[in-house]
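First listed ligand is number 1; within each ligand, the first listed atom is number 1. Excluded from the calculations below are hydrogen atoms, water molecules and symmetry mates; all remaining heavy atoms, backbone and side chain alike, are included. Owing to the predicted nature of the structure, the values given are computational and were not obtained by experimental measurement.
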Amino acid sequence: MERPALHSLSLSALQSALRAGEFTALEALDSLEARIASVDPQVGGYLSRNLEKARAEAASADVSLPLGGVPIAIKDVINVRGEPCTAASQILQGYTATYDASVIRKLRAAGAIPFGRLNMDEFAMGSSTENSSLQTTSNPWALERIPGGSSGGSAAVVAADTAFASLGSDTGGSIRQPAALCGCVGLKPSYGRVSRFGLIAFASSLDQIGPFTKTVEDSARLLNVLSGKDPQDSTSLDLPAEDYTRLLGRDLKGLKLGMPKEYFIEGIDPQVDAAVRAAVRQCESLGAEIVQVSLPHTEYAVAVYYIIATAEASANLARFDGVRYGRRAADVKNLQDLYVRSRSEGFGEEVKRRIILGTYVLSSGYYDAYYLRAQKVRTLIRRDFERAFEGVDALICPTSPEVAFKRGERSNDPLKMYLADIFTIAANLAGNCGISVPCGFAQVDGARLPVGLQLLGKSFDEARLLQIAHAYEQSTPWHKERPTL
Ligand code: GLN
């Protein structure tokens, strides 16, 4: 049998090969870099890479550690000491991270090598990576199409075999939606599972960091390293350590999966609907019992999200004032002028739109009508999930109502762009975990575009969620397909 190219290995396969001494961590890194040099000019996933530093780390890697010698690519919103961290914004041009985020510290302790900065929508605001102020990222399956967002770079590099795995962040779908559109696995852990210390905050009550991988097993292995209480993030929970791979390999007998009727509606791309329904039948054939459920407040999720997320963003982004980090406007008249000009020049249009919206919904006189009300509806959305999970082990539905669209098709229609997240946002509002796994392809204009299946689990029930995703994945061919680049 012909051996697969080194760069196409899954993280688990790479690890075993490194441990078996089939090649060294340095050889793996160099082979990855060669792949990046050959295809990333088309894909545009990477913003930068510090190859010298990574090679030094690879040369001294301890492959007996859980992720020993494995390079992991990082979304440009997570701080890695000594490297740029710009959130793809002009306002952070010239900024160099002064510390490692907790997830980076954990990756290093497990022997991994954080390697490369990945493109994204500015400050993680967007669904197509078109809001990056730095460069364009393409979908590896069809280069004229978007990779999804906001972690578009993180998804594209895994799909293009230019990373073994990557990290992204998910505030309203930014891990699951690009994973679906690029045909890889994207996990949003439960709120509180993974420390956000060192993540540039977008909406603090929603943000979670999670992995992009080629397989579900890889996702579980990365979560083993990333999860856990961190004294530097008080929202991270102190739960007993667990092995998220422990249920992998079990079938679905005795499990109940709920199909939320609000997620199978008119208006979904018919090819997406068909692929997801076929996936539901596949889970049934693996032993799961399928039941219909309802999440009655789903229709309010997008509206509630755009009030809460923008409110929190307007507060979080106040720190970018031209004084403390990154770029500062030149020739200013006074302090006020420095703030105004640095922010006006530094933030892109979508970021400004959100800061203005968020400031408005928090302003006195409107706070009760918008922000407070949104919080109440958020509680109703959370209760929908709690009620549904009383009767089922997980929910099964599409990740995105559509496949990857063409660049430029939506960029002038923010509302249409916001609707890309109708199936992912509620899980952030409720805090539960979710994963997207490849479940087929749609043919559109001669392109073959990946479709994602979303599984949503109870909060802190990742092991079960990964079991279900793994059983489905292993019984289907989709995760083995690769784009031709
Ligand atoms: N697309 C959503 C937004 O624009 C979600 C982004 C995210 O999860 N970071 O806010």
ask   = Is E350 in contact with ligand 1, taking contact as a heavy-atom separation below 4.0 Å?
value = no

inquiry  = With heavy-atom distances below 4.0 Å as the criterion, list the atoms of ligand 1 near A124.
reply    = 6 (C), 7 (C), 9 (N)

note = Quick note on ligand 1: atoms under 4.0 Å from a heavy atom of F202 include exactly 9 (N), 10 (O)

request  = Could you tell me whether the side chain of S128 and the main chain of G149 form a donor-acceptor pair under 3.5 Å?
outcome  = no

ask   = Which of the atoms of ligand 1 are close to Y306, meaning less than 4.0 Å from one of its heavy atoms?
value = 2 (C), 3 (C), 4 (O), 10 (O)

key: Atom indices of ligand 1 within 4.0 angstrom of R354 heavy atoms, with elements   = 3 (C), 4 (O), 10 (O)

message = Could you check whether Y99 and F197 have their ring centres less than 6.0 Å apart?
response = yes

remark   = Residue, atom and distance of the protein heavy atom nearest atom 1 (N) of ligand 1 read D421 OD2, 2.7 Å

ask   = Would one find an N or O of K75, backbone or side chain, under 3.5 Å from an N or O of ligand 1?
value = no

inquiry  = Can you confirm whether Y370 is buried at OH, in the sense that more than 12 heavy atoms of other residues, nucleotides or ligands lie under 6.0 Å from that atom?
reply    = no

task = Return a yes/no value for G149: is any of its N or O atoms, backbone included, closer than 3.5 angstrom to an N or O of ligand 1?
result = no

More than 12 heavy atoms of other groups within 6.0 Å of R382 CZ = yes

remark   = ligand 1 to G172, heavy atom cutoff 4.0 Å, flagged ligand atoms 5 (C), 7 (C), 8 (O)

request  = Distance to 0.1 Å, residue and atom name: give those for the protein heavy atom nearest to atom 5 (C) of ligand 1.
outcome  = Y305 OH, 3.2 Å

I468, V293, L395 screened by side-chain contact (heavy atoms from CB on, under 4.5 Å) with L257, the one that passes = I468

ask   = Quick one: does S150 get a heavy atom under 4.0 Å from ligand 1?
value = yes

request  = Provide the number and element of each atom of ligand 1 under 4.0 Å from a heavy atom of G173.
outcome  = 8 (O)

message = Take a 6.0 Å sphere around OH of Y366 and say whether it holds more than 12 heavy atoms from other residues, nucleotides or ligands.
response = no

query = Got the closest protein heavy atom to atom 7 (C) of ligand 1, with its distance?
reply = S174 OG, 2.4 Å

message = If the test is side-chain contact (heavy atoms from CB on, under 4.5 Å), which one of Q454, K261, E262, M259 qualifies with C397?
response = Q454

ask   = Can you say whether the rings of Y305 and F202 are parallel (under 30°), tilted (30 to 60°) or perpendicular (over 60°)?
value = perpendicular

ask   = Is D161 paired with K214 through a side-chain N to carboxylate O contact shorter than 4.0 Å?
value = yes

ask   = Does ligand 1 have any atom sitting under 4.0 Å from a heavy atom of Y418?
value = no

